[in-house]
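In this text the structure is predicted, and so the values were computed from the model without any measurement. In listed order, ligands and their atoms are each counted from 1.
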Amino acid sequence: MRIFITRPIPESGIKLLRDKGYEVLVNEAAKDRAADKQEILAGVKDAGALLSVLTEKIDAEIMDAGSPSLKVIANLAVGFDNIDLEAAKQRNLMVTNTPGVLTNTVAEHTFALMLAISHRIAEADKFTRAGMFNAWGPMLLLGSDLAGKTLGVVGLGRIGSRVAYHAAKGFGMKVLYTDVRKDENFEREFNAQFFENIDDLLPRCDYVSLHVPLLESTRHLMDERRLKLMKTSAYLINTSRGPVIDEKALALSLSKGWIRGAGIDVFENEPKVEPELLKLNNIILTPHIASATEETRSKMAELAAKNIIEALEGRVPPNLVK
Ligand code: GLV
């Protein structure tokens, strides 16, 4: 049985598959770029499993190219908006993701962005390298504290909850949240306050951090109107999916001072970034790397491999996407 992997991934995942006796074909050509559709169509032919990543749209055409051998599509990500779930269901294909193993790393990256933008780390680094550090200055590069501030968590899943944990227990922040579901245990543990409507939460926050999946209901959740509901002193952080923010509206809001700053890891049209954002100093940008630590990417590769092994051995994989 052959397994096709659309991009090179950490070796530990590949090893688990090879140790089980599977033939593993890795699309080595796509090391530093997205895989071509043609490469995927050719690679998936006669494969029992497709291990995909989020740079690829896995559609009905790809699923049909793998028919009848293809049983499972294992996405190396917690998000799975790149996979046509309806088409997979119609073809009886299992789809899996990699939740849990990346929770802490993404929460850490969320704080890396919050701290970097609040303490003006990128600006300060540029300033120092440019030889502009002439003397310690009482007014030099003043930023903003996290301690004592209010964080609004939008989406209280695994990652949102971990961010809330660090905020409340580590940084001395007050936590507000909005989600489709109210969680009273969470509220008790973190002294957190629930808002059913995001419009009521936004004006109360010094930081807003987005942790929702990309759905039709969350596309452009942060549009111009909602950006204007935020405090002018507030920061917006996004480690979820780019299209959750209207990127043009974000550029406008940062340049007009409707909000103070932003920390952004995901973009509306990846890998493109709205050019107006690149001109601004009050935003810190990272290229969709919130889960990118050596440890976590290895765990993701191993979990994707385990999902494939379970599916091919006729059991229900641990991370079957419903
Ligand atoms: C990354 O964005 C993921 O969904 O795991």
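The immediate protein surroundings of ligand 1, defined as residues with any heavy atom under 4.0 Å of it, consist of Leu54, Ala77, Val78, Gly79, Leu102, Arg241, His288.
Ring planes of His166 and Phe111: perpendicular class, angle over 60° (limits at 30 and 60°).
Using a 4.0 Å cut-off between a side-chain N of Lys or Arg and a carboxylate O of Asp or Glu, Asp59 and Lys37 qualify as a salt bridge.
When atom types are taken as modelled, the side chain of Asp125 and the backbone of Ile121 share no donor-acceptor pair closer than 3.5 angstrom. Checked by atom type and distance alone, the side chain of Lys256 never pairs as donor or acceptor with a backbone atom of Leu254 at under 3.5 Å.
Ring to ring, Tyr177 and Phe194 are close: their centroids are under 6.0 angstrom apart.
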Going by atom type alone, with no hydrogens or angles, which donor-acceptor pairs under 3.5 Å involve a side-chain atom of residues 135-143 and a protein atom two or more places apart or on another chain?
none

